[in-house]
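To start, the structure under review is shown below, and the notes come after it.
Lettering of chains follows the sequences in order, A, B, ..., and the numbering in each one begins at 1. This is a predicted model, so every value here is computed, not measured.
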Amino acid sequence: MFSVSQFYILSPRGDTIISRNFRSDVDKGTAEVFFHSVKFWKGDGGNEAPPCFNIDGVNYIFIKQSGLYFVCTTKYNVSPNFALELLARLAKLFKDYCGVLSEEAIRKNFVLIYELLDEVLDYGYPMVSSTEQLKVHVHNEPVMVDMIKQANSFKMPTMNQKTTPSSSVYKPVTLAAKSGQQRNEIFVDILERLTMLFNGNGYTLSSHIDGSIVMKSYLSGNPPLRLALNEDLVVGKGSEAANYGGSVVLDDCNFHECVRLDDFESMRLLNFVPPDGEFVLMNYRITSDFVAPFRIYPHVEENSSTQIEIVVKIRADLPQNNFGVNVQATMPVPTRSNGVSSRLDSGAAAAGQTAEYRAKDHKVVWTIKKFQGGAEHTLRAKVDLKEPMSPAIRREIGPISLSFEIPMFNASQLQVKYLRIVEQHRTYNPHRWVRYVSQSASYVSRFSTN
Amino acid sequence: MMMMSLAGLRKGGGDSKYFSTTKKGEMHELKEELNDQKADRRKEAVKKVIAAMTVGKDVSQLFPDMLNCMQTANVELKKLVYLYLINYAKSAPDVAILAVNCFRRDANDQNPLIRALAIRTMGCIRVEKITEYLCDPLRRSLSDDDPYVRKTAAICVAKLYDINPELAEEQGFLELLHDLISDSNPTVVANAVAALSEIASFSVDGSKVFAVSGSVLSKLLAALAECSEWSQVFILDALATYQPSSAREAESIVERVSPRLQHSNSAVVMSAVKIIVKYVDLIESQETVKSLTRKLSPPLVTLLSAEPEIQYVALRNINLIVQKRPSILANDVRVFFCRYTDPIYVKMEKLQILVKLATDRNAEQVLLELKEYATEIDIDFVKSSVRAIGRVAIKLERSAERCINVLLDLIKTKVNYVVQEAIIVISYIFRRFPNRYESIIATLCENLETLDEPEAKAAMIWIVGEYAERIDNADELLETFMDAFQDETADVQLQLLTATVKLFLKRPDGAKEIMESVLSMATESSDNPDLRDRGYIYWRLLSTDPEAAKRVVLSDKPVIVDDSSQLEPALLDLLVENIATLASIYHKPPSAFVKRTRIPLGSGMRDDDDDDVGLESSDDDDDDDDSDDSDDEGRGKKKKQQQQDDSEDLLGFGGLSVSGGNGGGSGSDDLLGGFDAPSMGAPASSAPLTSRLSPAAAEGLQLDADFARRNGSIYLDLDFSNVSSQTPFGKFAIQFNKNTFALAPSSVNVDLGTSLMQGGPKSRFSVPIVTRPEMAQPGVAPNLVIDVALKNVAVGAINYFKVTLPFYVLFTEQGRADKKGFIDSWKTLGDAKGQAATLRGLVSTQMDAVVSLLEQHNIFHIATRNPAADQRVGYFSSKTTTGAMVLAEITFKDGHDACKVNLRCEVSQVLPFAHEAFQRLLVK
């Protein structure tokens, strides 16, 4: 059984923005039930509602994007993956068609949204969900919303303006189709999210990369493309080839359904006809060793029985010409403290560094706007304790989590060697924007426990 | 092309402008605009109407004007009007019919998109008259040249079936859908599969409607490789229902399915995982099994890099998979380490899996992780982490010491809730490994004062009692709790009581005083019965035989295991079957939360809140299983029986026991008779019984008698009265002749306990009935008549009478079938094992009344459906003491004082009796 009964979009305050009933077998009023349950969730897993739950025989499945709740309901034992993927796909479609995903954009485009919904879901069954195929069926035109204001709702919310190639990523696909001269461009993002965990001595406890190649195509005529990856790419850790050094070893990867893999095994080539709009060409996962872009060395000194000094040194193990932007280190400090005074390197303030003690959250937040490769920065935070140092207080320090973004750098060394249009005409010369971005997913260093 | 003509629209301020009209006379204005000459203005007006509709305004009065706008070549406009129609057709069915012509024209349009649109929309309009007009265009669409139209039509058949299943079946749409499985277009195949799967799940004859056969299988596999992601999911799910005939076939299917593991859509991946996990069981070659399980782990791990929602779903499924096949992820324990950014629901799931995957080899690593988690901020997560350490200890004997050390480290942090949780966990470890780690008790005792949670206190007290002989100041420690004894929770009080008694038994000197005070507090000043009882037991034990007390209180305890997260094997298997469904998320069988699977609702319109319609599945699943099992058993027995007894024992009733048989003691039976459960019908003492013996023929005795069923047993209720006998009487003996159902009184003696005087009141006696194999009566045509002999001991006379057994007393309390079981059996039995009859002059024609009446007699209501507005059909199940399942379908039609009863039973000889039973119950 693969059909949903109702779909709705709720605002962060619980207002129903969009609501569509596909099978009329679930009562009205479930939106209120849903919102109330999620707001006041109390389960054995804490007070955050899991993505699927059942109340009075109605199953609710939801995701949250750009602050909005995308919810579907059903009475049947459906596949939760199916429902979650469907919701994510709808969110993506609305973004493709409206340009941005925000409450305002959806409210302004509600007729378009309903039309899309009716084309995507018939009787609660998904029919077509690709931006490209839907174009034939969708007649309403998007209403643009102010892009600057909405810019932060783009998928990579912390994205530095410098690394964002062009405002066309906020352009609805249907409008782009009509402004012919801008049309021929394709964006390729190699996006890697790093998960690292260090112990107090800087030793890596666990690390992995979740990578994806994200494309957004505005190519007219949707020509077949060929994308080449590193030839020495190895798929499958523990396979024989993985034992030879120097190559990029993927633990696992998966592909968008448009990809033909005939030449992948032999030449690491992906052949595909790009669908319109944004899509993920490939996802991959790497757990083999890679050079951590930032190393964190935390350490605690006891100045007196009621004063401690937390010293954090961060080093960027990046090539000289790369740099991290919006690097932010967050570090919990003991709750029983009177105050914290932080000291940075000399000249740090000029370089856009700040350190701030947020007394309410008992945290020190250290921000480094630009962190050049090879550089090293240190923070010294003096903490005045309300009571003498004890193991219990000691345990409240840390861990430090780091968030950052490194433009034009990917930790895995996976590369797009080329992106070609298979049958190229002389007159057809699209712009290809390839960019690499590495971001932190969960980048954490513990304090040594001794 | 169409878009160009709309250019004018874009200059406006977006759709939200349509919401701005609040003036009076709005409807009138809209009406005018809808009838405007210019197409553009009409479209603007339609949009305004739709806007008003979505915010809940009533714009139904514009129906005729909207219909006018439908006749347009403009697809956008057409779609908007269709949207309106779907919304309002129900409230204005008579006007809606006017749209039919337009729909029919559109269904023949040149443009396939318009053809499909018309079919799609008509299917969504739940108005009976329109549905009638749907059949012809729908049939044409199913063989349309354009696959887009065909795939839309396939889904439309499911819609039609939902509105009017009979019509859909009569018109042969199910066969047409079957034909689409051979379609050249894979998406059409997939949609046909989706529609058929849905219809099958709602249908009483599910497997007849759609079952994956060998030929279907090859078509599905062929389509699988070529179709879109959603279609793949439809097809994979249908494949999961297929039962491969051989290991080789299973292997070849798995080979075709396993490339789906690399799909970027997690729904495709999980559906593929489900098939592979299911089929692996069938594959014999260990080599293949090994390589398959190796294939499964990377895609599962990859799901853990997706969005947290997908991760959560994956983790819940992985939880099942590692219980079923621990080898699949045995080497991947690190991927389940929690990230600081994980939502709490993901973290909790990871903890569970970490414990499941912990082995002596990776224990150190896992414990270090868990120790870190125990210092995080979220208290729930911290507590669960500490518990997880304990579970690792109990699971892995060789790593238990490591766990203890980690827990001691945590206790040293002095963080209150960590310490308490650690102490609770340590008490479990002590219980699991007695006399091994008591050296740490001193450390634990240091924290005695900080304990404020009852569970932690109880754990600590238990430890003190258990090791009283090694704790020098055990008495002092226990004494500290005594002052507040009355304020403690029951758990703590019970532990204090037991610990004190243990202390006394181990070190009698000096503990006497404290023990006496505890015993008196427990027995004299507590109103908790558990505590009082335990106090008295100890007291008596100690005062009568202290050695016995020692043996009882200080005995070795059975070894505990950690099964807190372990599922029952049967449930686990069921859930593994249901991988990639909500059941695998909730870890509950589907029947526990799918409250109703709709039986098709008939041709009428359906209200949104028709809660009373549909199958109510029984809430308690264990019960369902039980009844299924015993049902099977019953049938099995019966078959054997039939083989043994040739045709002599036609009913196969011989040699089976009637359930219950409420003890032989006749005195107590009378008492029990008074305790009638209300559900068992009229109280035994008041219901008038049928006269069997008259005073003239029976030496002054008036005897009334009837069979009845109460509290799970059959009784023969007897009313005695002394009408004209000089001799008072009170003692009788009773005996049955051999009979079809091998019934016999549990005891020959009937002692009324009093002597009945002439003209005195009548006295009621209930004889419990049992079955005795030797009472069976082979060679005689099955019948319901029981010959009874009654000897009046005082008078010395023997009288004979006949009592007709109402068949329904043979229906047991275990006759409730679960919904699915019912549907399956109903299908399997078919008309061949069925018999129908019409009953007139009914007790009631109200379904509710009938349901409660039948339920009183163990004929259990399974579901009700309304196939037509004036028709109600109820489904019931019951089971005889002999294990024969009788399924019933009772149809009422408004305005008729009659009903149709259609019964099905494996043992066809039962049918006439069952019919008679229904007649007796339902007819006045």
Check: Step by step, would you call W230(B) with E85(A) a side-chain contact (heavy atoms from CB on, under 4.5 Å)?
Finding: CA-CA 10 Å; W230(B) 306 118; E85(A) 292 278 352; 3.9 Å; yes
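- The contact between D122(A) and chain B is made by backbone and side chain atoms together, counting heavy-atom distances below 4.5 Å.
- Remark: F381(B) engages Y373(B) in a ring-ring contact (aromatic ring centres under 6.0 Å, His included) (not counting sequence neighbours).
- E198(B) is listed as a side-chain neighbour of Y123(A), based on a closest heavy-atom distance under 4.5 Å.
- L582(B) and Y76(A) make their closest contact through CD1-O, 3.5 Å (heavy atoms, listed as atom of the first residue, atom of the second, distance).
- For the pair R260(B) and E257(A), the salt-bridge criterion is not met [side-chain N within less than 4.0 Å of a carboxylate O].
- Under the 3.5 Å distance criterion, the side-chain polar atoms of E309(B) are left unmatched by any main-chain donor or acceptor of P51(A).
- When each of V233(B), V415(B), L113(B), N265(B) is checked for heavy-atom pairs under 4.5 Å with chain A, N265(B) comes out on top.
- Contacts with chain A were tallied for D409(B), V268(B), T375(B), V418(B); T375(B) has the most, counting heavy-atom pairs under 4.5 Å.
- Inspection of the N59(A) and Y586(B) side chains reveals an N or O donor paired with an N or O acceptor under 3.5 Å.
- Looking at F53(A), only its backbone comes within 4.5 Å of chain B, counting heavy atoms on both sides.
- Across S305(B) and D210(A), no two heavy atoms sit closer than the pair OG-OD1, 2.6 Å.
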Next item on the list: Decide side-chain contact (heavy atoms from CB on, under 4.5 Å) for R339(B) and V444(A); before the verdict, give the C-alpha distance in whole Å, the side-chain angles of both, and the deciding distance to 0.1 Å.
Entry: CA-CA 9 Å; R339(B) 278 177 258 184; V444(A) 174; over 6 Å; no
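- Only the backbone of A49(A) comes within contact range of chain B, with heavy atoms under 4.5 Å apart.
- N199(A) does not touch chain B: none of its heavy atoms, backbone or side chain, sits under 4.5 Å away.
- In terms of heavy-atom pairs under 4.5 angstrom with chain B, the leader among T287(A), I18(A), L205(A) is L205(A).
- Using modelled atom types, one finds no donor on one side chain facing an acceptor on the other under 3.5 Å when comparing N254(A) with S264(B).
- Looking at L197(A), only its side chain comes within 4.5 Å of chain B, counting heavy atoms on both sides.
- Salt bridge annotation for K47(B)-E141(A): absent, with no cationic side-chain nitrogen under 4.0 angstrom from a carboxylate oxygen.
- Using a 4.5 Å cut-off between heavy atoms, T195(A) touches chain B through its side chain atoms alone.
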Next item on the list: Report the C-alpha distance between V128(A) and T187(B) in whole Å, list the side-chain angles of each, state the deciding distance to 0.1 Å, and finish with yes or no for side-chain contact (heavy atoms from CB on, under 4.5 Å).
Entry: CA-CA 10 Å; V128(A) 232; T187(B) 311; over 6 Å; no
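- Nearest approach of T341(B) to A441(A), heavy atoms of both residues: CG2-O, 3.6 Å.
- The contact between M127(A) and chain B is made by backbone and side chain atoms together, counting heavy-atom distances below 4.5 Å.
- A distance of 6.0 Å or more separates the ring centres of Y340(B) and Y443(A).
- Neither the backbone nor the side chain of P332(A) comes within less than 4.5 Å of any heavy atom of chain B.
- Closest heavy-atom contact between V313(B) and C52(A): CG2-SG, 4.1 Å.
- With a 4.5 angstrom heavy-atom cutoff, E119(A) touches chain B via backbone and side-chain atoms both.
- F234(B) and Y125(A) have perpendicular rings, their planes meeting at more than 60° on a 0 to 90° scale where under 30° would count as parallel.
- In terms of heavy atoms, P80(A) sits closest to T581(B) at CD-C, 3.3 Å.
- Counted by atom type alone, R285(A) and T302(B) present one or more donor-acceptor pairs between their side chains at under 3.5 Å.
- Within the 4.5 Å cutoff, the side chain of L83(B) has heavy atoms near those of the R20(A) side chain.
- Residues P590(B) and N77(A) come closest through the heavy atom pair CG-ND2, 3.5 Å.
- Ring-centre distance between H208(A) and F337(B): not below the 6.0 Å cut-off.
- Checked against salt bridge (Lys or Arg N to Asp or Glu O under 4.0 Å), K64(A) has no partners two or more places apart in sequence or in another chain.
- Using a 4.5 Å heavy-atom cutoff, the side chains of V75(B) and H137(A) are not in contact.
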Checklist line | Test log, rule side-chain contact (heavy atoms from CB on, under 4.5 Å), inputs N140(A) and K79(B) | finding: CA-CA 10 Å; N140(A) 277 286; K79(B) 284 175 77 170; over 6 Å; no
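- Within the 4.5 angstrom heavy-atom criterion, only side-chain atoms of I61(A), from C-beta onward, approach chain B.
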